[in-house]
> 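Before we start, here is the structure in question, set down as structure tokens.
Note that these values count all heavy atoms, side chains included, but never hydrogens, waters or copies made by symmetry. Below, chains carry the letters A, B, ... as their sequence lines are ordered, and counting in each starts from 1.
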Amino acid sequence: MSSQEILFLLSGLKWTLALSAVAFVTGAIFGLLVALARTSPNRIVAKAAEYYINVFQGTPLLMQLFVVYFGLPLLGLKLDAWIAVAIGFTLHASAYLGEIWRGAIQAVPRGQTEAASALALTYWPRIKDVVLPQALRISLPATVGFLVQLIKGTSLAALVGFTELSLAGKFIANQTFRPLVVYSVVGLLYFIICWPLSLYGARLERKFAAASR
Amino acid sequence: MASTQSAAAPVASPAIAPMIVMEAVEKWYGPYKALTDINLSVRQGEKIVLCGPSGSGKSTLIRCINHLEGYSKGRITVGGVNLTESAKTIDAVRRDVGMVFQQFNLFPHMTILQNCTLSPMRTLGQSKAKAEATARRLLERVKILDQADKYPAQLSGGQQQRVAIARALCMEPKVMLFDEPTSALDPEMVKEVLDTMIGLAEDGMTMIVVTHEMGFARQVADRVIFMAKGEIVEEGHPKDFFTAPKHERTRAFLGEILRH
Ligand SMILES: Nc1ncnc2c1ncn2[C@@H]1O[C@H](COP(=O)(O)OP(=O)(O)OP(=O)(O)O)[C@@H](O)[C@H]1O
Ligand SMILES: [Mg+2]
């Protein structure tokens, strides 16, 4: 491969990372709202969040991307490919992170919220100062695991024409007629990003398992 | 119901309204009736020990007082505030009522000092300096000031429970509720926690204590209340309660725990 081709792959990698970062950050913000809604004492709010999670976990991510990318323009909303995939992945990530964090919030022992309530702390300080710090710690291994899935999952954005790493790889493979070499390099790039994260997640998991013994 | 005993207890000025009043309180968990017709009036500074077999509703009763459990029927008034389902009355009552749990329930991600200053800062709007000064004074009082910067997991059970008491006191409550505060402790740590509670009682705190520590009840209680199956079966000054229990169930219960 020429250095130009390598640079093209790296620019694809850049978009993969950018999409992952945006999806993760906005997904985390909305995911936190989803998790809080899902664990809310208000039944209607909790139910709405449950449906939201079910819809986005129960349908393929690719369909969600298609709906946003091809469906919204039919409603008169013409979106840039970049914005469309960012929206699609945010919805996806918020549902999954919302569910992961719901579990973590509910894993915080009940005595913690009771003690906070008995100290006259109201809902928000109870959540922010007592429950969430403990829940986020509990959820960290699963959250890192989801981030790895998300990074690999961004390759689906290729199917709506977003030139991230895997689509860049396809272009170069077609150009050079050396798919084996090109896709190996592409795979290696994914691996270099995801492997350290996986190791980190596994380490956190061991650490928490040891701490809870 | 309490009137027959109050003659034996120190006389409170009749002008002062009782600190806690429970009138015909009922509590249902779904189809299960956990409290039946609870009538209880606690004067300011009064110390009450609540005992009874497992499942008799002791925890449920005191948890209704600070609305960790909502009650189904009747009326509860704390410090003159009629406790309803409204967030406003619940908040008002919780500011006046401290609670200590069997399992301590300290916040594990915060230091001892942070445990003590969180609610005074968030709820009472105290400055950090003021909240820390109060916390240090109360940690000193429970003899644990030297551990202020440690995390709960670094402390023994007895130390953690003393921190939990100090944490509750930082809110300057008018009433303290204790739910079996020594049941989760190793025997050698029970005394340090009971001594702390005795000190609190001597300072005039209004207290309701669920415990089977009958030595504590004899020494501190103005009234001992015996519950069974969600009802108050018998109450009396500890002298009468232990020497001449009136009900068969009370006698059976006392025989049971004093044998241990
Ligand atoms: N959240 C709940 N849902 C359903 N039933 C409950 C709940 N909490 C308590 N109960 C029931 O109410 C009854 C009274 O419980 P409570 O915890 O008040 O008893 P207790 O006197 O404190 O007992 P123990 O000495 O074991 O602590 C028990 O039969 C218990 O099973
Ligand atoms: Mg109990």
> Could you measure the distance from the CZ atom of B/Arg122 to the NZ atom of A/Lys128? Nearest 0.5 Å is fine.
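If we round to the nearest 0.5 Å, B/Arg122:CZ and A/Lys128:NZ are 4.0 Å apart.
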
> State, yes or no, whether a side-chain contact exists between B/Thr123 and A/Leu121 at a heavy-atom distance under 4.5 Å.
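Yes, side chains in contact.
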
> Please report the interatomic distance CD(A/Glu114) to CD(B/Glu69), rounded to the nearest 0.5 Å.
7.0 Å

> Name the option with the most non-hydrogen atom pairs under 4.5 Å to chain B; the candidates are A/Ala116, A/Ala120, A/Pro133.
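If we count pairs closer than 4.5 Å to chain B, A/Ala120 comes out on top.
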
> Should we say atom OH of A/Tyr183 is surrounded by more than 12 heavy atoms from elsewhere, each under 6.0 Å from it?
yes

> Can you say whether B/Leu106 sits under 4.5 Å from chain A via the side chain, the backbone, both, or neither, judging by heavy atoms?
backbone

> Pick one of side chain, backbone, both or neither for B/Phe101, based on which atoms fall under 4.5 Å of a heavy atom in chain A.
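The answer is the side chain of B/Phe101.
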
> Drop me the distance from A/Asp129's CG to B/His109's NE2, to the nearest 0.5 angstrom.
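Between atom CG of A/Asp129 and atom NE2 of B/His109 there are 7.0 Å.
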
> Most heavy-atom pairs under 4.5 angstrom with chain A, which of B/Gly98, B/Pro108, B/Pro173?
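Ranked by heavy-atom pairs under 4.5 Å with chain A, first place is B/Pro108.
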
> For the NZ atom on B/Lys143, are there more than 12 heavy atoms of other groups (residues, nucleotides or ligands in this structure) within a distance under 6.0 Å?
no

> Can you tell me how far OG of A/Ser117 sits from CZ of B/Arg63, rounded to the nearest 0.5 angstrom?
9.5 Å

> Answer yes or no: are there more than 12 heavy-atom neighbours, outside A/Phe8 itself, under 6.0 Å from its atom CZ?
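Yes - once you tally the heavy atoms of other residues, nucleotides and ligands closer than 6.0 Å, there are more than 12.
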
> For residues B/Leu68 and A/Ala118, report the shortest heavy-atom separation together with the two atoms involved.
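Scanning both residues completely, I find the closest heavy atoms to be CD2-N, 4.3 Å.
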
> For the atom pair CZ (B/Arg95) and CG (A/Leu119), what is the distance rounded to the nearest 0.5 Å?
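So the CZ of B/Arg95 and the CG of A/Leu119 are separated by 12.0 Å.
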
> Could you look at B/Arg167 and say if it's the side chain, the backbone, both or neither that has a heavy atom under 4.5 Å from chain A?
both

> Taking all non-hydrogen atoms of both residues into account, name the closest pair between A/Gly111 and B/Asn105 and its distance.
O-ND2, 3.2 Å

> Are more than 12 heavy atoms, taken from residues, nucleotides or ligands other than A/Leu188, located less than 6.0 Å from that residue's CG atom?
yes

> How many angstroms lie between atom CZ of A/Arg110 and atom CD of B/Gln103, to the nearest 0.5 angstrom?
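Answer for the CZ-CD pair, A/Arg110 versus B/Gln103, is 13.0 Å.
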
